[in-house]
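In what follows, a structure is listed as structure tokens, so that the remarks can point back to it.
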Amino acid sequence: MVGLRAGLRGMTNPQLWIAVVENGCFFALLGLAFYFNLTGAGFFNFGIGAIAMAAAFTGSWLVTEHGLSRPLAGVVGVLGAIAIAVVMELAVVRPVQARGEGELSALVAVGASLFTIIQLSGLFLGHEARSGQPFWSTAPFSVGSARVGSTVVPIVVITAALFTLSYLALQRTRLGRLTRAIGNDTDAARVLGLPINTARLLSFAAAGLIAALAGITFAGRSGVSPDNALHWTITGFLALVIGGTGTVWAPLLGGALLALANVFIPFYFGGDVLAYGLVVVAMLFFAFRPEGVFAPRVRV
Amino acid sequence: MSARLPNVAGVLGLVLLVVWAGSDLYRSSLLVTMLTYALVALGMYVPFVLAGSLSLSYSAYAATGAYAVAIGTAHAGWPLWLGMLVAPPVAAIIAVVLGAATMRLSGFYLGAVTLLFAEAFIQLLGNLGVTGGPSGIVGLPLLSFGGWEPSPQQTVLMAVVLTGVLALALDRLRRSPWGVVIRASREVPIAVDTAGVSVSVLNLVALGAGAAIASLGGALFTTYVGAVNPETFSVNVIFLAVFMPLIGGIGNPWGAVLGAAIVVHLTLNVDSLASSGTLLVSLSVLVILVLFPRGVLGFAGTAARGGTTLLTTVTKRGART
């Protein structure tokens with residue numbers, strides 16, 4: 001009875017659910033960035049976490065060290081993230097994939113890119129954590145006994161807007177259908193003469209934009225440092241793999257499930273258990289349901 | 001390039017490094033760091049280059065070696081060398097168990113799971129009492145064989161011999177029938193399976209062997225330094241383990257050793273580079289991946305062949321005129 005009561009105490013704690021919403025939105029946005037790269041280029045861009053970190057870290061550095069306004073620093077961070085994503089595609093991923101050496105080379109290439117972004121950020125902006133400087137925040141307010149922080153509403157609104165726009169862009173526009181076609185079967189698209197390179201470039205740019213908005217907004221709550229890059233990458237990857245690749249909304253579910261684990265596992269079992277639990281969850285999902293909850297439907 | 005040339009050049013390079021270090025303690029410690037990285041990179045070479053399977057748990061395997069030495073000595077009273085003997089089988093067992101659990105995974109999925117495992121493993125080491133928690137284990141005794149305590153120079157020499165022997169052995173292994181089969185399994189796994197050789201078993205053996213070699217790197221480092229803590233095996237170790245064979249050249253195990261030498265030189269030995277050494281390493285990897293996918297050794301081989309062809313052409317033209 002005491003155990004049940006203790007269990008309910010966590011599940012009925014509104015503050016924890018607000019954390020679930022905030023984390024879930026962030027994870028889902030990172031997953032969405034992965035989704036764009038997977039859809040348009042047919043591979044997982046492990047640089048996503050580093051791009052999100054670089055945008056947030058640069059924005060924070062510009063505000064705290066150079067006195068730029070938050071919106072301006074945010075714009076610079078977002079544009080920088082898009083530029084990094086585009087350069088990554090043009091200078092690294094495309095030449096490596098063009099050699100046709102398979103997935104391993106692409107994985108190493110994005111891994112090296114991720115490491116390079118971490119090192120560049122650390123060298124020029126410092127290795128120490130910085131407070132986030134979101135371009136949009138609201139005054140904190142209370143809902144019952146729970147306190148809603150300054151970044152909760154912005155990240156929820158941004159998540160809703162980006163998912164809706166992504167859905168419309170990918171499902172309702174000619175460019176979106178083209179991108180999906182290329183991601184589904186690049187060889188067939190090449191035979192048909194479709195503009196593969198343009199679609200790939202756009203998918204990288206879109207992923208960079210989404211990752212940057214996610215990183216800048218979430219850093220307002222958690223702070224940011226170069227060390228975040230790898231964790232954010234793995235989190236986004238897990239959100240996509242758990243949610244699935246069958247629909248653009250899937251990372252939202254993946255992000256939500258991951259956020260539940262991220263908030264309630266430490267609450268009930270302690271922070272260290274989360275790391276061990278994630279390994280098990282990842283192993284089980286990757287091994288038995290690698291297509292995620294929402295699998296792509298194939299017409300036969 | 002003759003098949004034996006990298007072996008001869010590799011051994012010669014190690015001899016030159018020993019001469020360079022001499023009795024200078026700072027240089028000796030740099031050389032030990034380089035040999036530690038070389039052993040981790042040689043371990044990575046087996047599954048990554050030979051089997052085409054990217055496991056990102058190599059910081060965990062190196063840590064296994066380091067803690068096997070430290071725990072055996074600090075808690076069980078073993079001599080350091082016994083820990084070095086125990087480390088490889090322990091690391092191999094961990095790698096085989098993880099490999100069996102992730103047998104259905106490859107590429108990005110395998111990379112993500114093994115990375116999460118490595119992080120969880122290092123976190124576990126920082127939480128256990130037997131490992132000394134976050135501060136680790138310090139104050140280990142000097143290396144001793146039945147009363148004989150080798151000097152730091154002799155310890156370095158033994159580590160050089162160990163690294164050289166393993167590089168030579170891996171080169172032999174690469175060209176052996178087993179090496180040919182496992183390299184074939186990387187390119188055409190279905191064909192190898194159809195021929196009656198289990199690709200899964202090949203991969204597990206490669207993972208076990210690689211982890212065992214990498215654990216020797218961690219064991220060597222702990223033996224020389226006399227201490228260990230979880231911070232030693234950061235995420236950087238994982239990245240560098242992948243990068244070193246690529247930088248040196250994936251065509252030969254000596255490429256991993258050369259890659260380790262280049263990484264340690266750039267990150268620790270060039271004062272003017274200071275903290276930008278690691279950035280230079282990662283940029284080098286990107287350049288190598290895009291422009292010289294066979295690494296420094298591959299580029300040197302191509303350049304040597306080009307030079308020979310040019311020399312032959314010039315000589316022939318000279319003879320005609």
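The sequence lines fix the lettering, A, B, ..., with proteins before strands; numbering per chain opens at 1.
Side chain of Ser57(B) to main chain of Ala60(B): no donor-acceptor pair is present (N/O by atom type, distance under 3.5 Å, no hydrogens or angles). Between the side chain of Arg200(A) and the backbone N or O of Arg94(A), no donor-acceptor pair lies under 3.5 Å. Side-chain atoms of Thr131(B) come within 3.5 Å of backbone atoms of Leu125(B) as a donor-acceptor pair (strictly under, hydrogens ignored).
Within 6.0 Å of OH in Tyr276(A) there are more than 12 heavy atoms belonging to other residues, nucleotides or ligands.
Only the side chain of Glu119(B) comes within contact range of chain A, judged by heavy atoms closer than 4.5 Å. Residue Leu110(B) does not touch chain A at all, counting heavy-atom pairs closer than 4.5 Å. The contact between Leu107(A) and chain B is made by backbone and side chain atoms together, counting heavy-atom distances below 4.5 Å. Heavy atoms of Ser113(A) lying under 4.5 Å from chain B belong to its backbone as well as its side chain. Contact annotation for Val113(B): both backbone and side-chain heavy atoms come within less than 4.5 Å of a heavy atom of chain A. Both the backbone and the side chain of Leu120(A) come within contact range of chain B, judged by heavy atoms closer than 4.5 Å. Of the two parts of Phe48(B), the backbone and the side chain both hold a non-hydrogen atom closer than 4.5 Å to a non-hydrogen atom of chain A.
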Practice item. Could you please spell out the steps behind the ring-ring contact (aromatic ring centres under 6.0 Å, His included) verdict for Phe233(B) and Phe121(B)? Key: CA-CA 10 Å; Phe233(B) 306 98; Phe121(B) 190 83; 9.5 Å; no
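Chain A forms more heavy-atom pairs under 4.5 Å with one residue of Asn236(B), Val235(B), Leu283(B), Leu246(B) than with any other, namely Asn236(B). The candidate from Leu114(A), Val92(A), Val108(A) with the greatest count of non-hydrogen atom pairs under 4.5 Å with chain B is Val108(A).
Ring pair Trp232(A)/Phe218(A) is perpendicular by interplanar angle, where above 60° counts as perpendicular and below 30° as parallel.
Between Phe44(A) and Phe237(A), the distance separating the two ring centers is shorter than 6.0 angstrom.
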